Amino acid sequence: MTATAQPVAATPKDPPPAKPGYRSVYLWHWPIRAMHWVAGGCIALLVVTGFYIGGPYFMTPGEASEHFLMGWMRFLHFSAAAILVATAVIRVYWLFVGNRFERWQALFPFRPRDWGHMVQVLRKYLFIHPERAPHWLGHNPLQQVSYTVLYVVAGTQVVTGFAMYGLSNPGGFFASTFGWVAPLLGGHQVVRFVHHIMTWYFLIFLPIHIYLSLRADLLHREARVSSIVDGFRFVRADVDFIDE
Amino acid sequence: MYYPTAHPWTEDETLAQHLERRGVGRREFLEFCSSMAAVLGLGSLAAPKVAQAMQTQRRPSVIWLQLQECTGCVESVLRTSEPTIGDLVLDLVSLDYQHTLMAGAGTAVETAKQDAMAANEGGYVLIVTGSVPLAEDGIYCTIGGRTAKEIVEEGARGAAAVIAVGACAHFGSVQSARPNPTGAVGIRDVITDKPVLNIAGCPPLGDVVTATVVHFLTFGRLPAVDGEGRPLFAYGSRIHDQCSRRAHFDAGQYVTVFDDEAARKGWCLYKVGCKGPATFSPCPIFQWNTRTNWPIGAGHPCIGCTEPHFWDTMTPFYDRLPDVGGFGIENKVDLIGAAAAIGATAGVVAHAAVTGVQNRRKRRDLPIVEAGTVKQEEDNNG
Ligand code: SF4
C-alpha cells in the first residue's frame, strides 16, 4: 500500500494468509472500524428511541409514578447521541491523519473522471455491462457520495437534536450554542420536522448498505465485510484497481 | 374585589394615595408587592424596594395604541371577573386615549393624544396592541386618516419605553400568516431604533403586563428579555417543563383521541399535538381568569401562541409535526419515509433476485472453473 501520508495507527505487519489467487489489502485502521460499529449501534438505538419520542407507540397503564418509559427513552436517546458525537470527533480527526481511503479527499468524488465512474457503477448495479465498471479497493464514487450524505445527515441530526435539547435549559450551554438553529430553519417545529424526516435516511441507507456489502462478500468472495472487522480485504490478484 | 371607576388614578395622586382611596389595606398592598417581586424573580428581599418605589409613584403617562387587532388583548389585560390590586395598577392606563375604553371620539381624542405626547415627550410609556400592515402603503389599517405605520412611528419617537402586547404586536399573528395579504408585521419590524419589549401570547397573560409595568415603575427600565424580546421572568422556561401533566409524559401515558379514557384521567396531550415542548410561557404558573385554569389544565393541547409565527409553524394544532407542504394532509412524513424505506428494501430484494437468476444462467452457460483462476467477469464492489 502506498499511503500518501503516514497513518497514525500502525499498519499490521503480517496480513492474514490469503487463498491462492487472492491477496489481502489493509484498508481500515482500528479507530475507523471501532467508530463504524459504535456509531452503527448508536444510530440503531437513536432510531428506535427517536421514533418512540416522536410518536410514543407504547403506553404504560396505571399510575404515572410507577413508570418512566418516555424518561428512559429520552435518556437512552441523549446518551447514544453523546456517544455518537464522540465517534464523530474521532472520525473528523481521522479525516486528516488516516490513510488515503480514510482521508477527507475520499469523501468528495468530484473530480471529472469520478463522474464518469459514478455512471459506470450505477450502470453496473442496474445490470448494464457490469464487466465494464472499474474496481476500487476503498469506496467507489457512489459509495463515497452515499457515505458523505450519511455524514451530512448525521451532522444535521446532531445540530437539530442539540437545538431541541437546549430548550429544556434556556440560557444553558446547548441553548446558547445552538440557539441559531430554530430561527434559521423557521421555528422549533421545523427543527423537529427536519430531525424527524432525516431519520428515514438511515432506514433507507441500511438495507442497501448491508445488501451491497454482503453481495460483494457472498457473490464475489471478496471479503468486504471482513475489512470493517479486522481491517483486511481480500481481493483477486488478477484485478486492477483504480485507487491502488 | 376592587371595581374600576371612571377616573381611577388621577394625575397628582401617588399610587399609595390612590390605592388607599380605593380601599386597599397596607397589608394587601405589601402582599401584592411581594408577589410581584416573586413573579419578577427578584426574591422576597426586594419586596420593600418594590413597595417603596410603587407607593411614591405618580401616575405615569401611558399611551395605548390599538392597531390591526381584535381587542382580545385589551380584554385579557383590563378585564377580569374579580379585579385585583394588579388591575388597579393597570388603571394607570390613560382612559383619555384607549379605543375600547375612552368616552370621547373623533378629533377631540386625537388632539388629546397629541397633547399628552407633547407634554410627556421622552417620558411616556407606549403600549401597542395589534400589527402594522405594510402592503399597499398601509391602507389596510388607518385611524383618523393616518396609517398604522405613521401612528406607531410617531408614538415611539417620544416614548421612554415601547411595550408590544400580544401576538399581533409581537409578529403580526393570524393576519401575518401565509399568504399575509395585508403585509402585517410586528412592532419590532417597524420600530428598529429602540428596543421593543414583547409580551407574547394570543392573548397574553394580564399578570405579565402588570408585572412588567411594576418593574418599569420600580426600576425605571424594562426587565431583561430573551432573544424574542420577551421578558425573561415570564418567558424563561418552557410550558413542558412546568406542566402539571409532565409526570404522564415521562411515564409514557398519552391521550390518543379527545375523550378517550386517557383524556379523562388527565394524561399528557403530546400525541394530540401539544406544542408545550416548543413553547415558552408562564401559563402553567399564572393561569387564566383569576387562576381558574389554563388550556392544558382544561384538556386542550397548547398551540404555542407565545412563539413567533405560530399560525404557520405550530400548525396543524392537533398534530405533533408539520405537514409536508403541497402533499395534502393525508400524506404524513412518516408515510413517505416508510414508503421510501420499504421501497429501498424491496429494491434490494429484487436486485438480489435478478442477480440470482443471472448467476444461474451464467453457471449453466459456462464451464465450472476454480475460484480465483477465472478471468474477472464480474464486478467486485460492494
Ligand atoms: S401536556 Fe403538553 S406541555 Fe404538558 S407534559 Fe404533555 S406535552 Fe408537555
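Worth knowing before you read on, the calculation uses all heavy atoms, side chains too, and leaves out hydrogens, waters and symmetry mates. Lettering follows sequence order; numbering is per chain, from 1. Bear in mind that the values here come from a model prediction, so they are computed numbers and not experimental data.
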Are the side chain of [X] and the backbone N or O of [Y] linked by a donor-acceptor pair below 3.5 Å?
X	Y	value
A:Q189	B:R320	yes
B:Q253	A:H67	no
B:T345	A:P207	no

Is [X] atom [atom1] crowded by more than 12 heavy atoms from other residues, nucleotides or ligands, each under 6.0 Å away?
X	atom1	answer
A:Y57	OH	yes
A:Y165	OH	no
A:F78	CZ	yes

**4.5 Å side-chain heavy-atom contact, A:R74 and B:D250** = yes
**Which atom of A:T60 lies closest to which atom of B:A251, heavy atoms considered** = OG1-O, 2.9 Å
**Prompt:** How far apart are the closest heavy atoms of A:L167 and B:D241, and which atoms are they?
**Reply:** O-OD2, 4.2 Å
**Message:** Before you tell me yes or no, could you show the steps for B:T256 and A:M59 under side-chain contact (heavy atoms from CB on, under 4.5 Å), namely the whole-Å CA-CA distance, both residues' side-chain angles and the distance that decides it to 0.1 Å?
**Reply:** CA-CA 10 Å; B:T256 332; A:M59 302 266 195; 3.5 Å; yes
Top contributor to chain A interface from [options] [non-hydrogen pairs under 4.5 Å]:
options	result
B:K275, B:E307, B:R238	B:R238
B:G227, B:P308, B:G343, B:A352	B:A352
B:V348, B:V354, B:D312	B:V348
B:M314, B:K271, B:H248	B:K271

Chain A contact via [X] - which portion, at a heavy-atom distance below 4.5 Å:
X	value
B:V349	neither
B:R246	side chain
B:Y270	side chain

Under a 4.5 Å heavy-atom cut-off, does chain B meet the side chain of [X], its backbone, both or neither?
X	answer
A:F68	both
A:I53	both
A:Y52	side chain
A:Y201	neither
A:P183	neither
A:E63	backbone

**Request:** Please report the C-alpha distance between A:M70 and B:Y254 in whole Å, then the side-chain angles of each, then the deciding distance to 0.1 Å, and finally whether the side-chain contact (heavy atoms from CB on, under 4.5 Å) criterion is met.
**Result:** CA-CA 10 Å; A:M70 177 61 95; B:Y254 306 97; 3.1 Å; yes
**Message:** Assess the residue pair A:R215 and B:H351 against the criterion (side-chain contact (heavy atoms from CB on, under 4.5 Å)); give the C-alpha distance rounded to whole Å, side-chain angles, the decisive distance to 0.1 Å, and a yes or no.
**Reply:** CA-CA 10 Å; A:R215 178 186 160 89; B:H351 199 271; 3.6 Å; yes
**Request:** In sequence, state the C-alpha distance, the side-chain angles, and the governing distance for A:Y211 and B:T355, and then conclude on side-chain contact (heavy atoms from CB on, under 4.5 Å).
**Result:** CA-CA 12 Å; A:Y211 169 68; B:T355 310; 3.6 Å; yes
**Fill in**
In this structure, OG1 of B:T313 is separated from CG of A:L185 (nearest 0.5 Å) by 12.0 Å
**Request:** Heavy atoms only, distances under 4.5 angstrom: which of A:P170, A:G71, A:A182 has the most pairs with chain B? Name it, please.
**Result:** A:P170
**Complete:** Among residues 258-268 of chain B, residues within the sub-4.5 Å heavy-atom range of chain A, in order of number, are B:W267
